[in-house]
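Taking it in order: structure first as structure tokens, then the write-up.
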Amino acid sequence: MSTLASAAEAADRLSPNLDPWSLARELSGSHLIGGKLVPAASGRTFEVRYPATLEKVGEAAYGEAEDVAAAVEAAATAQKAWARTPARERGRLVGACARLLEAHKEELARLMALETGKALRTESRVEAGVLADAFAFFGGLASELKGETVPFSPDMMTMTVREPIGVVGAIIPWNVPMMLMAYKIAPALVAGNAVVVKSAEEAPFAVLRVCQLMNQVLPAGLFNILSGYGPECGQPLVTHPKVGKISFTGSVETGRLIYKAAADKLIPVTLELGGKSPMIVMADADLDKAVAGAVSGMRFTRQGQSCTAASRIYVQAAVHDRFVEAVKAKVDALVMGDPLDEKTDIGTIVSLQQFDRVTGYIDRGRSEGGRAHECSALPAGDAKLKEGYFVRPVIFTDLPRDSRLIREEIFGPVTCVVKFDGFEEALEQANDSEYGLAATIWTKDLKTGLDGARRLEAGFVQVNQNLVVMPNLSYGGVKASGLGKEATLEAMLEHFTHKKTIIVNLE
């Protein structure tokens with residue numbers, strides 16, 4: 001029986017479980033190392049709670065250096081045979097994972113909504129769909145792991161080949177953990193690497209389930225996942241001598257620490273470190289489209305918990321008031337409630353720490369003299385939801401230009417609308433930021449749109465739209481928003497392989 005046929009037969013062993021509470025209990029207390037669910041070496045766990053009611057969801061394994069060592073050893077052992085597997089066979093197996101994840105999409109969406117508080121209908125199902133698509137996309141790129149022939153000398157055959165790095169360590173965030181994990185591990189696996197993932201402590205279960213499912217298809221040890229906290233689990237992963245590459249998504253502060261640790265080892269890193277993404281609305285823009293773009297671009301249905309959220313919106317004076325009124329009306333129409341309820345548009349903030357951070361910024365904005373336009377309404381009727389981390393979306397106007405709300409990443413449902421007169425003024429303010437991840441510009445004038453796209457200091461710029469990151473769209477920032485790109489063939493080649501030059505003397 002072929003490897004692929006055996007994998008398909010093994011994949012039938014796990015059926016979708018649409019009860020996220022029971023699934024979380026089944027996964028509680030476990031890492032996945034060497035193809036098996038195992039407890040932490042210390043036996044320690046930490047609690048995970050439903051952000052909408054604060055009910056206990058389950059307990060995650062408390063990863064530490066001993067767990068990291070076991071996972072890296074399993075990965076290093078599995079990677080040797082995987083690197084010798086033909087690239088197209090690797091691609092077929094990753095493609096089989098994509099089909100399996102698609103079959104479990106609803107299960108994964110429900111589990112994601114339970115642990116993160118993201119609304120099932122508007123957010124978690126979307127992420128589960130992109131997850132499967134990312135693995136399908138990269139699985140189809142296996143044949144593109146090509147080298148080159150170099151016309152160096154007629155007496156020599158000179159070529160380059162692409163070789164895997166070895167063991168890749170990936171550290172993922174809690175806001176879109178499945179999708180961002182896929183953009184790291186799918187290209188790494190197809191390129192011939194093994195991976196060890198450290199999940200976010202707020203959202204350990206959905207990604208653990210993804211790993212469990214994929215281990216029905218992939219060779220044991222190739223994909224391992226640990227749960228835990230940064231100092232005890234993330235730091236040992238970054239510094240482990242057998243980890244040859246780190247891919248991290250998270251805060252600027254942590255990214256700097258990882259970069260320094262990687263520099264000591266002289267290994268490559270990819271860093272996606274957040275943003276304070278500007279949106280420029282010119283007076284000639286299609287206002288209805290711009291308003292819809294602001295609502296979707298600010299990721300209000302995700303409670304603004306997005307690196308690319310349009311959290312600074314610069315609106316030309318002639319349409320400023322109409323724009324603010326229209327955005328508020330649209331957000332008012334969104335229903336905030338139980339994330340697992342099909343009627344809910346907006347769920348919760350992920351944790352108490354993040355809740356306090358967001359509400360603290362809202363209080364600061366008011367104290368600075370800003371006008372807070374609160375939108376939507378807190379859920380009513382269910383007493384349990386009164387304990388949850390619900391925050392009404394806020395549109396701030398009239399803030400001073402040096403306001404911390406305009407300059408700092410809040411990672412919550414708070415956007416700042418700033419009035420401007422001329423286009424040059426808007427560009428100057430949009431670029432006046434340490435961040436440079438994403439940006440959008442809204443105008444009917446093609447010259448203005450192209451000029452703005454060229455001059456905006458961001459790695460992901462859109463004109464008259466605000467799409468989320470998708471496979472085959474190069475994604476990554478400039479300035480403090482990070483290093484490297486994700487989600488493309490280029491990312492797989494540049495970030496997960498080494499280029500080797502081979503010269504054969506023909507004389």
- Message: Which heavy atom of Gly422 sits nearest to which heavy atom of Gln316, and what is that distance?
- Response: CA-NE2, 4.5 Å

Would you be so kind as to tabulate the donor-acceptor pairs closer than 3.5 Å made by side chains of residues 133-142, with sequence neighbours excluded?
none

- Query: Are the side chain of Thr415 and the backbone of Ala310 linked by a donor-acceptor contact shorter than 3.5 Å?
  - Reply: yes

- Test item: Arg455 and Glu424 side chains (from C-beta on) under 4.5 Å apart, heavy atoms: yes

- What do you reckon, is CD of Glu144 surrounded by more than 12 foreign heavy atoms closer than 6.0 Å? yes

- Query: Is there a side-chain contact between Leu437 and Glu272, using heavy atoms and a 4.5 Å cut-off?
  - Reply: yes

- Under 6.0 Å from the CZ atom of Arg357, do we count more than 12 heavy atoms belonging to anything else shown? yes

- Looking at side-chain heavy atoms only, is the closest gap between Leu189 and Met214 below 4.5 Å? yes

- Output yes when a side-chain donor or acceptor of Thr85 lies under 3.5 Å from a complementary backbone atom of Arg90, and no otherwise. no

- Message: Between Asp155 and Leu506 (side chain of the first, backbone of the second, donor and acceptor by atom type, cut-off under 3.5 Å), is there such a pair?
- Response: no

With a cut-off of 3.5 Å and sequence neighbours excluded, list every side-chain donor-acceptor pair involving residues 220-232.
unit_1	atom_1	unit_2	atom_2	d
Asn224	OD1	Gly34	N	2.8
Asn224	ND2	Val195	O	3.3
Asn224	ND2	Gly221	O	2.8
Ser227	OG	Ala61	N	3.4
Ser227	OG	Ala61	O	2.6
Glu232	OE2	Tyr62	OH	3.4

- Query: Counting N and O atoms only, with roles assigned by atom type, does the side chain of Glu127 sit under 3.5 Å from a partner on the main chain of Met178, one being a donor and the other an acceptor?
  - Reply: yes

- Count the heavy atoms belonging to other residues, nucleotides or ligands that lie under 6.0 Å from CD of Glu434, then report whether that count exceeds 12. yes

- Task: Go through the side-chain N and O atoms of Arg302 and Gln305 and say whether any donor and acceptor fall under 3.5 Å apart.
- Result: no

- Query: Quick one: which of Ile172, Val469, Val176, Thr488 gives a side chain to side chain contact (heavy atoms under 4.5 Å, CB included) with Tyr183?
  - Reply: Val469

- Could you give the distance from CG (Leu450) to CD1 (Ile441), rounded to the nearest 0.5 Å? 9.5 Å

- Passing candidate, side chain to side chain contact (heavy atoms under 4.5 Å, CB included) with Val238, options Val269, Leu257, Ile171, Val243: Ile171

- Do Leu23 and Glu107 come close enough that some side-chain heavy atom pair is under 4.5 Å? yes

- Tyr259 atom OH, over 12 foreign heavy atoms within 6.0 Å: no

- Message: Closer than 3.5 angstrom, by distance alone: can the side chain of Thr254 be matched with the main-chain N or O of Gly250 as a donor-acceptor pair?
- Response: no

- For residues Thr301 and Glu123, is any side-chain donor paired with an opposing acceptor at under 3.5 Å? yes

- Consider only side-chain N and O atoms of Asn466 and Ser296, and report whether a donor and an acceptor are under 3.5 Å apart. no

- Item | Residue pairs passing the salt bridge (Lys or Arg N to Asp or Glu O under 4.0 Å) test where at least one lies in residues 170-183, sequence neighbours excluded | none

- Could you go through the side chain to side chain donor-acceptor pair (under 3.5 Å) check for Gln462 and Thr440 one step at a time? CA-CA 5 Å; Gln462 302 180 66; Thr440 60; over 6 Å; no

- Message: Could you check, using the six-membered ring where one of them is a Trp, whether Trp442 and Tyr314 have ring centers closer than 6.0 angstrom?
- Response: no

- Message: Tell me if a side-chain donor or acceptor on Glu486 pairs with a main-chain N or O of Tyr475 at a distance below 3.5 Å.
- Response: no

- Item | With Thr270, the side-chain hydrogen bond (donor to acceptor under 3.5 Å, both in side chains) member among Glu494, Lys485, Lys184, Lys245 | Lys245

- Query: Okay, side chain of Glu202, backbone of Glu115: is any donor-acceptor separation there less than 3.5 Å?
  - Reply: no

- Task: With the side chain counted from C-beta on, respond yes when Arg209 and Leu27 share a heavy-atom pair under 4.5 Å apart, and no when they do not.
- Result: yes

- Item | Glu490 atom CD, neighbour heavy-atom count above 12 within 6.0 Å | no

- Electrostatic pair Arg125-Glu106, nearest N-O below 4.0 angstrom: yes

